[in-house]
Amino acid sequence: MNLLPFSIPEIGRRFGSPRRSLRVPGGLRTHTSLCAALFLSVAATVTIAQDASKKKLPAPAQKTALAPALLASLESHLGLTYARYGTRELQLDLHRPAARGAALPAIVCLHGGGWSKGERRNMTPLAQALAARGYVAVTISYRLSGEAKFPAAIQDAKAAVRWLRANAEKFGLDPEAIGVTGHSAGGHLAALLATSGGVAELEGDGGHAGFSSRVQAGVAGGAQTDFETERIGALSARPDDPHYTPFLGGARSTIPHTYALASPRHHLDRADPPLAFVTGELDDASTRADDIRRDLLRLGIATGLTVVPQAPHAFLGQQASFDTAIAACDTFFTLHLKHRGRPPIATTLAESPFASGARWTMIGGGYAGSEGAQWIGDTLHFAAHHDRFAFKWTERAGLAVWRDDSPEATSFRPDGRGGFYVVEQTTRQLTRWNARGERTEVLADRFEGKRLNRPNDCVVRVDGTVWFTDPDFLFAQRKDEVKELTGQNLYRYDPRTRMLTAAAQGFNKPNGLAFSTDGKYLYLTDSAGSDILRFSVAPDGTLGPREIFATLKVRGLDGLAFDPAGRLWCAALDGVHVFDPAGRDLGVIALPSKPTAIAFAAAPAKLVCVTTRDAAFVTQLR
């Protein structure tokens, strides 16, 4: 699953997201009032000043439209009453594939409009596009702020979820797989619906009280997710505030409890479902939901961010932006609603190494990079390094934060003293950590007087020496850092002599490492190429000539690990390749996104972990 196909590079500046006051050129303050008009309209043609050469204006963005064949494949039920408040009735429109079969996941689609305007038909194209991908999708009318103040709108959204469960059999939907999405004000309501399960004040009495209003996944678009910030407080204090005061009944300074109750971030806990975000590249930075995404990662709840290129706040009227948003929603909902966070294992291996009926279990996701899988007994350690997290996981206790201020550590290997050898990308060092994750010692940070590049993977040989790769990743993104070494090397560190030597040189992007079980051979990947390299290792640690163990048809090779049967697993762009001892490619194992590292638990456990660029998965071996 790759929810960041178009995201702006954030590596190197994602080191916490303290609450801060932001100047808002757009977002809900200026964009949402236009949402109803622009949401499904063609993007306005931008007037560009022309020079004397009369350069041709760029073509206007293509208006969103759905193919007739797609629409013809759907069954629609319009104007269904889902909630009643006295004589007031609220309706929804339901769309689903016309072909009936197994029960389908359902998605509630919430329109924008600053909570004061908009209508359910604004979300019809999105609901229809999702329905065509195998969902029951509903668009709902909810009470706007001119009719009823908060919490009326969220109570209506919850009533719609209860209605879906009450009518699950009639419309062929799975009552245990209901998601929510929305844009702008609807994105806020979608996030709030996802995080406020069990909050009695928000439940309402719209009907079907015997059914749960909890959802199992959410995707919030262009959403405000924290109403307790100084920024929201300042906006709500403006005499002409068109959004927050009409919606909530006053400024934050006068009703802070109401703002907390309306804030999705305020309600976060471990029981919340996976929650991802979609926003336009040109929208206000607050819609990237940095703070709540970091909170979700800390809680072990899958999340993600898709940034739609060159898109403003209201982007669903532009075909390319609409298609990007639909793809992001479908990817997330497929993983968390259709597969319940346990995607099937797809492999071309003639003999599967996995237990009968095994599926991948996502133990964490939404990362800006994940690496470093390492088992110590029954405990898995791994990193979401660019998010500054290091995690621990067990089958019994689940996911726990080991460190939330990690210096981009990407590899953890036992040091034989109860601690770990660790390579850190922020500090560009080989270090030692204790069992609590505290750095106790810097072992190497320079070679021949010059700072290391970016230590990436490390392994420990049977003689206790530590070997690590040192590619020059990220210097192009981090302009303030200086690359001092001209080469990219493989290093050997001897803890007894404290000597660092270049064991091999002349690589382009040295990456993954693995020793054979007897320590006589070292295997290495270079991400710039497609070869797995092998070196013989002499008793004194010197390497023999490099040789090609295997060549793949793809580049981007990453982590290596030997399984209990002696086969070498290699992470690559198209999945995990498995090789026999002679270097024959036995097949590939597909993952939801590009794999990065592999680790096998020691016997008697039969578990394997594969980290990917944005998640970590575990499954059972035979």
Side-chain angles (χ1 to χ4, degrees), residues 1 3 66-83 91-111 120-121 123-140 157-183 186 190 193-194 197 208 210-221 273-276 278 302 304 322-323 325-344 346 359-360 362 592:
M1 177 195 64
L3 285 175
L66 301 181
L70 181 152
L71 297 174
S73 71
L74 302 179
E75 167 189 321
S76 296
H77 302 266
L78 309 180
L80 304 174
T81 296
Y82 75 88
Q91 281 79 40
L92 60 77
D93 296 337
L94 183 148
H95 309 275
R96 56 154 295 136
R100 292 284 179 139
L104 301 175
I107 302 173
V108 177
C109 305
L110 301 168
H111 69 79
R120 68 180 185 269
R121 69 181 178 90
M123 296 297 279
T124 297
L126 184 141
Q128 291 172 327
L130 289 172
R133 293 183 179 226
Y135 303 91
V136 175
V138 298
T139 64
I140 75 167
K158 287 176 178 283
V161 176
R162 297 195 301 269
W163 181 92
L164 282 170
R165 288 201 164 94
N167 290 275
E169 185 175 356
K170 178 179 180 180
F171 293 105
L173 65 96
D174 183 349
E176 300 305 317
I178 297 178
V180 62
T181 190
H183 185 78
L193 182 57
H208 304 100
F211 294 87
S212 171
S213 65
R214 289 183 180 270
V215 295
Q216 283 66 58
V219 177
L275 176 60
V278 180
F322 178 89
D323 292 344
I326 289 294
C329 286
D330 184 38
T331 297
F332 198 74
F333 288 137
T334 293
L335 178 61
H336 296 292
L337 295 182
K338 293 181 179 179
H339 296 322
R340 309 289 210 275
R342 302 185 68 239
R359 300 172 72 96
W360 292 113
M362 176 186 273

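Only a predicted model underlies this, so the values are computations on that prediction, with no experimental measurement involved. Side-chain atoms are counted along with the backbone in the values below, which use heavy atoms only and exclude waters and symmetry mates.
- Panel note: side chain Thr181, backbone Val219; a donor-acceptor pair is recorded below 3.5 Å.
- Contact of the Leu94 side chain with the Trp163 side chain is registered, since non-hydrogen atoms from C-beta on lie closer than 4.5 Å.
- For Arg96, there are no salt bridge (Lys or Arg N to Asp or Glu O under 4.0 Å) partners two or more places apart in sequence or in a different chain.
- Contact record, Arg120 with Gly79: NH2-CA, 3.8 Å, taken as the closest heavy-atom pair.
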When you look at Arg121 and Asp93, which way does the salt bridge (charged side-chain N to carboxylate O under 4.0 Å, His left out) test go after all the steps?
-> CA-CA 8 Å; Arg121 69 181 178 90; Asp93 296 337; over 6 Å; no

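- Here the closest heavy-atom approach between residue Pro274 and residue Phe332 is recorded as CB-CZ, 3.6 Å.
- Here the closest heavy-atom approach between residue Val278 and residue Ala325 is recorded as CG1-CB, 4.3 Å.
- Ile107 CD1 to Thr139 OG1: the interatomic distance, rounded to the nearest 0.5 Å, is 12.5 Å.
- Remark: Leu173 CG to Ile178 CD1 distance equals 6.0 Å, nearest 0.5 Å.
- Atom NE2 in His336 sits 12.5 Å away from atom CD in Gln216 (nearest 0.5 Å).
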Report all side-chain donor-acceptor pairs from residues 130-138 shorter than 3.5 Å, counting only partners two or more places apart or in another chain.
residue : atom : partner : partner atom : Å
Arg133  : NH1  : Asp330  : OD2          : 3.2
Tyr135  : OH   : Asp330  : O            : 3.4
Tyr135  : OH   : Asp330  : OD1          : 2.7
Tyr135  : OH   : Thr334  : N            : 3.3
Tyr135  : OH   : Thr334  : OG1          : 3.2

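- Using modelled atom types, one side-chain atom of Arg340 and one backbone atom of Leu337 make a donor-acceptor pair closer than 3.5 Å.
- For the residue pair Gln128 and Leu66, the shortest heavy atom distance occurs at OE1-CD1, 3.5 Å.
- The line from NZ of Lys170 to CG of Leu164 is 12.0 Å long, rounded to the nearest 0.5 Å.
- Ring planes of Phe211 and His208: perpendicular class, angle over 60° (limits at 30 and 60°).
- Phe333 and Val180 get closest at one heavy-atom pair: CZ-O, 3.5 Å.
- Considering all non-hydrogen atoms of both residues, Phe171 and Arg100 come closest at C-NH1, 3.5 Å.
- Under the rule for a side chain to side chain donor-acceptor pair (under 3.5 Å), the partners of Gln91 that lie at least two apart in sequence or sit in another chain are Thr81.
- Between Phe322 and Pro125 there is a side-chain heavy-atom pair separated by less than 4.5 Å.
- The CG atom of Leu78 lies 6.0 Å from the NE2 atom of His95; values are rounded to the nearest 0.5 Å.
- Distance alone, capped at 3.5 Å, is enough to place a donor-acceptor pair between the Arg165 side chain and the Pro175 backbone.
- Note that the CZ atom of Arg214 and the CG atom of Leu193 stand 10.5 Å from one another [nearest 0.5 Å].
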